[in-house]
Amino acid sequence: MKFYFSYFMLLCMICSISCTTTKYFTYEEDAPGTEIGNLSQDLKIDPAEDPETSFKFIQKTNSIIHMRQIDGLLTVGEVIDREQLCQRSPQCVMTFDVVAFSKEKFQLIHVEIEVKDINDHSPQFTRNETHLDISENAPLNSRFPLDIAVDHDVGDNYIQTYHISNTNHFVVEVSTREDGEKSAELVLIKTLDRETEEFYTIEVTAIDGGTPAKSGSTTVYIRVLDFNDNSPTFEHNSLKVELSEDSPIGSRVLKVHAFDPDAGINGEVVYGFVEGSTTEITRVFQIDLITGEVTLKDSVDYETKKSYELHIQASDLGANSVSSTCRAIVDIVDVNDNAPEITIKPMTSTSDGVAFITESAAEESFVALISTSDLDSGPNGYVRTTLEGHEHFKLQQAYSDTFMIVTTTTLDREAIPEYNLTVISEDLGTPPFKTIKHYTIRITDENDNAPMFSKAIYDVSVIENNIPGSYMTTVVARDLDVGKNGKVSYSLIDGKTPDGSPISTFVSVDPHSGSLYTLRSFNFETLKEVEFAVKASDKGFPPLSSTTLIQIRVVDENDNVPYFTYPVLRNNSADVPIPFNAPNGYLALRLTAQDEDSGVNSEFSFHITEDDAKLFSVDRNSGEIVLKRKLTASCGDVLQIKVSVVDNGRETLSSTATVRFVVTDTGAQEDQVVILLRTKDEETLEFDVWTVMIIGFAGCCVLLLAAIIILTVTCTIKRRRRNFGRDGLYGTTPLSKNNPAGSSIYSGPNGFLRSEGDSMQPLYEDKSLDFEEKLFLPCKPFEQTFLWQDEKYCLQRSGTSNTDQLSVKDSGKGDSDFNDSDSDISGAALKRGLTTFQPLARGSFNTTGDWKSKPHFIQTRNMPVPPGSAYTIGFAPAPLYNTTHGSSQTWRESHSKINMLNTQRPVQTFARTGTLPSYSAHQTRRAMTGVEEQIESVKDGFLVSASSEVATTF
């Protein structure tokens with residue numbers, strides 16, 4: 001190895017994912033290419049065992065260090081200047097992180113390279129000469145600070161001692177300051193006498209500890225002053241104070257005080273920093289000349305400089321004044337004024353704030369490195385770091401304040417392609433500072449998904465005689481991967497057809513779309529089904545694929561003409577012998593044929609297309625040709641017919657042949673087959689089994705539907721008849737001639753006209769000539785409210801002023817009963833015909849109660865009305881008479897009084913609508929009972945119990 005000597009030290013800080021810290025050092029000023037260390041050798045990683053072994057910087061920030069990727073050899077990239085890199089830091093360390101990949105495992109390596117100092121700098125004083133005035137009466141052991149020499153080297157190469165030239169009056173003493181720098185002071189060891197020697201010249205030399213040692217010097221010129229009785233004396237020659245780093249400018253730092261017993265100007269003391277103080281001291285602090293108070297002139301920062309050493313001198317204003325000095329050390333106190341800093345170094349990244357990791361990474365795989373720091377000290381610099389966002393990731397400490405983001409489980413890009421994580425760092429200061437940094441982890445795709453077909457088997461039907469190049473179907477395969485891993489191409493897996501031909505000669509597949517096309521025309525008669533496989537492959541590495549089965553079924557087409565197989569034809573004709581005495585029904589010939597098609601297309605039937613003599617008949621199914629009548633000599637020697645065979649295809653195909661029956665002298669044998677012929681009517685009536693079943697099923701359905709309709713109509717009629725008989729015409733209480741307690745007028749079809757066991761005549765009559773209808777009612781008083789005090793009037797009904805309307809006919813248009821086009825009290829209904837009746841006087845009827853006599857009635861208005869129209873019956877709401885007798889009054893007088901009342905007081909109207917059945921309908925209904933009665937009413941045009949509408953005016 002070279003003289004620069006390189007070594008390494010393994011620090012066994014191995015984490016669960018193999019995190020290792022290695023330490024090396026090198027010297028500054030080493031030439032580029034100088035070897036520092038070899039990671040593969042030091043970590044026992046043999047690249048020969050795994051050719052894919054690699055070493056990679058997680059995040060490279062400079063070119064000072066180079067690393068060979070194949071084995072991790074570390075070399076110097078460019079000349080290192082320690083003083084520029086680390087300034088006055090006692091230790092200069094470069095750190096970086098490396099990821100080693102070997103044997104399909106990642107290993108995090110934290111590398112620390114310490115840059116050793118070499119003695120490349122000599123001590124230097126800020127001034128080449130210094131002037132110093134000392135009073136001749138200065139006491140022994142008086143100390144006089146010298147300028148501080150500067151040496152940029154550190155450690156042993158820094159200033160170790162100071163020397164002065166030979167003198168009997170002074171010696172030099174060296175001390176180490178709080179910041180590590182060494183300072184020198186001249187100490188008086190012998191009394192001075194100005195009269196003996198007024199000037200002294202002393203050379204001060206600073207020497208470092210390097211090999212070889214380097215030095216620097218300055219010259220001090222001392223002048224001895226005449227005696228001044230007293231010089232200022234400080235209360236404390238040395239002070240130490242603390243100053244908080246957040247102190248505002250102008251804050252008081254300290255105050256010094258010096259006493260001079262002289263009087264006058266010899267006793268007046270002024271303060272100032274000693275000559276030669278550094279510019280940093282005079283920039284940060286200032287001192288009051290009179291009071292000696294030191295204040296803050298500029299802000300201080302603990303993280304920049306932790307302490308300051310001040311040299312303050314006090315002098316009087318007298319002649320030949322001799323000053324005295326005081327040393328004050330100001331320690332800067334840290335406060336929590338810095339938030340934690342977070343640095344995230346991803347293993348692989350192409351943009352800031354985003355880390356990438358492959359979905360094939362194993363559990364606890366390294367993703368990114370998080371480094372935290374806080375410039376504060378003590379608890380203010382302690383940082384607590386947490387990770388939030390998703391349970392698939394966690395923090396694991398790598399070293400010191402550096403953590404690794406590692407996976408807690410295997411990842412799947414197809415499920416979660418991206419994670420948004422939050423890193424939170426918080427110090428322990430009061431109050432604490434918190435830093436939040438958002439980070440994105442994207443999962444890179446691996447070819448871990450094979451293309452998947454939408455179907456495992458594709459069934460395709462192709463009609464034979466297709467055009468080559470015609471489209472059949474499209475197979476589709478999806479790949480969940482992205483990019484080239486998800487790009488699918490299709491190919492045909494070649495095979496053999498049943499006849500041994502290659503599949504590739506029949507079909508082709510588009511490699512991009514998966515569309516299947518025919519390459520030749522299919523023939524059902526030679527190839528009925530073809531099976532082959534199509535493969536879908538992606539473009540990943542290694543490629544993944546899957547297959548699907550394609551089943552092509554050739555659909556038969558009626559493309560083959562049926563042909564005769566017997567008799568054997570020559571020139572499309574055949575000669576068949578027939579006995580001269582062949583009887584009726586004689587089997588002359590049995591035709592046979594064949595059709596190469598299948599299914600319906602292969603079914604055929606036989607026909608005789610030409611038979612001039614009308615002698616023969618053929619069975620269309622069996623092809624048997626028989627004689628329709630006995631053969632005679634008049635028929636001739638040759639009997640010629642033309643027969644055809646026709647298939648059952650959609651577009652039928654047929655072939656014909658000529659059959660000549662040659663009459664021979666040979667007679668018919670007794671055992672010759674004789675067939676009984678059927679007539680055309682019998683053939684027409686021949687049904688197959690399915691036709692009979694369908695007709696029978698349809699008949700049953702019709703009967704069932706008819707039964708349901710009859711039952712529904714019957715139940716509806718009975719229910720409405722019961723309701724109509726219960727409610728009556730005007731109310732819910734039935735009224736009849738024999739029931740004086742009832743208050744209704746109409747109690748149903750029978751109650752309105754008559755009562756059972758009563759011989760009363762119909763209460764209205766229908767004249768067919770002008771459709772005039774008359775209505776008169778029995779003389780019975782109402783029991784509810786006696787509006788008329790005597791019993792002369794029969795139609796009485798009490799009511800309130802609100803209107804009760806009932807309509808059983810409605811147009812469904814939401815109109816009121818009066819405006820409804822279907823209501824019998826609408827204007828249209830009233831126009832059809834209206835007959836108004838006034839109450840009848842008791843004397844108008846036969847006093848014997850004989851209803852069979854001719855009825856008396858008064859008709860105030862009469863219009864032609866067809867049967868079944870609406871009627872309106874009006875009544876005066878106020879009593880017409882206040883007397884209980886008045887039977888002697890005539891009907892005309894009563895009628896006049898009624899008119900007077902109507903003119904004096906408006907009539908209040910209470911309407912109830914309904915349709916009264918015609919007289920003829922009642923006459924017919926009396927002779928009918930049960931359901932037959934209701935069905936007959938339907939035939940007349942309305943249902944009596946369901947369509948009644950009566951308008952009543954009170």
Side-chain angles (χ1 to χ4, degrees), residues 126-127 130-139 141-148 173 175 177-179 181 183-188 192 220-244 247-300 305 307-333:
T126 57
R127 293 180 297 177
T130 303
H131 297 273
L132 186 61
D133 294 335
I134 302 176
S135 176
E136 63 177 337
N137 67 338
N141 296 321
S142 295
R143 297 175 177 273
F144 305 97
L146 298 175
D147 289 345
I148 299 175
E173 287 188 3
S175 63
R177 297 169 52 172
E178 294 289 336
D179 57 2
E181 293 184 352
S183 60
E185 293 176 322
L186 285 177
V187 180
L188 183 62
L192 298 175
V220 179
Y221 296 97
I222 300 174
R223 184 180 64 167
V224 180
L225 302 177
D226 191 18
F227 174 71
N228 190 342
D229 291 339
N230 296 287
S231 61
T233 304
F234 283 98
E235 292 180 353
H236 303 284
N237 292 329
S238 179
L239 294 175
K240 188 173 185 179
V241 295
E242 292 182 347
L243 177 65
S244 178
S247 299
I249 296 176
S251 299
R252 176 178 174 177
V253 180
L254 57 91
K255 184 178 182 182
V256 295
H257 182 263
F259 176 73
D260 191 332
D262 292 333
I265 60 174
N266 293 330
E268 293 182 8
V269 180
V270 292
Y271 303 93
F273 295 117
V274 297
E275 188 179 358
S277 296
T278 62
T279 57
E280 186 178 22
I281 296 298
T282 58
R283 179 185 60 83
V284 177
F285 301 98
Q286 64 183 2
I287 186 170
D288 190 281
L289 296 176
I290 305 302
T291 63
E293 184 178 68
V294 179
T295 57
L296 195 61
K297 186 179 179 181
D298 197 359
S299 60
V300 293
K305 192 173 183 64
S307 66
Y308 296 87
E309 187 172 322
L310 309 180
H311 292 273
I312 304 171
Q313 68 179 6
S315 306
D316 58 31
L317 299 179
N320 301 322
S321 173
V322 178
S323 62
S324 61
T325 61
C326 172
R327 186 178 71 166
I329 297 175
V330 180
D331 289 333
I332 307 302
V333 178

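The structure displayed is predicted, hence computed values, not measured ones.
Minimum heavy-atom separation, V269 to A314: CG1-CB, 3.8 Å. For T130 against D147, the heavy-atom pair with the smallest separation is OG1-OD2, 3.2 Å. Taking each heavy atom of E185 and P145 in turn, the nearest pair found is CG-CA, 4.0 Å. Contact detail for V256 and L254: the closest heavy-atom pair is CG1-CD1, 3.7 Å. S277 and F273 get closest at one heavy-atom pair: OG-CB, 3.7 Å. Closest of all the heavy-atom pairs between S135 and L192 is O-CD1, 4.1 Å.
Between the side chains of Q313 and T325, not a single donor N or O lies within less than 3.5 Å of an accepting N or O.
The closest side-chain heavy-atom distance from I332 to L243 is below 4.5 Å. Contact of the L296 side chain with the V284 side chain is registered, since non-hydrogen atoms from C-beta on lie closer than 4.5 Å. Contact check for I222 versus L186: side-chain heavy atoms found under the 4.5 Å cut-off. Contact check for E268 versus D316: no side-chain heavy atoms found under the 4.5 Å cut-off. Side chains of D331 and I329 form a contact here, defined as non-hydrogen atoms less than 4.5 Å apart.
Note that the CD1 atom of I249 and the CG atom of D298 stand 5.5 Å from one another [nearest 0.5 Å]. How far CD of E275 is from NE2 of H311: 14.0 Å, rounded to the nearest 0.5 Å. Once rounded to the nearest 0.5 Å, the distance linking CG of L132 with OG of S323 reads 8.0 Å. Atom CD1 of I312 sits about 7.5 Å away from atom CG of L239, to the nearest 0.5 Å. Annotation: the span from K297 atom NZ to I281 atom CD1 amounts to 12.0 Å, rounded to 0.5 Å. Note that the CD1 atom of I287 and the OG1 atom of T282 stand 12.5 Å from one another [nearest 0.5 Å].
For the pair S324 (side chain) and P232 (backbone), a donor-acceptor distance under 3.5 Å is present. A donor-acceptor pair is defined here as one N or O able to donate and one able to accept, closer than 3.5 Å; such a pair exists between the side chain of Y271 and the backbone of A258.
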Q: Determine, stepwise, if the pair E280 / K305 fulfils side-chain contact (heavy atoms from CB on, under 4.5 Å).
A: CA-CA 11 Å; E280 186 178 22; K305 192 173 183 64; 3.2 Å; yes
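Within a 6.0 Å sphere centred on CZ of R127, other residues, nucleotides and ligands contribute more than 12 heavy atoms. Within 6.0 Å of atom NE2 in H131, more than 12 heavy atoms from other residues, nucleotides or ligands are found, so the atom counts as buried in its surroundings.
Shown are Q286, R252, K255; of these, the side-chain hydrogen bond (donor to acceptor under 3.5 Å, both in side chains) with T295 is made only by Q286.
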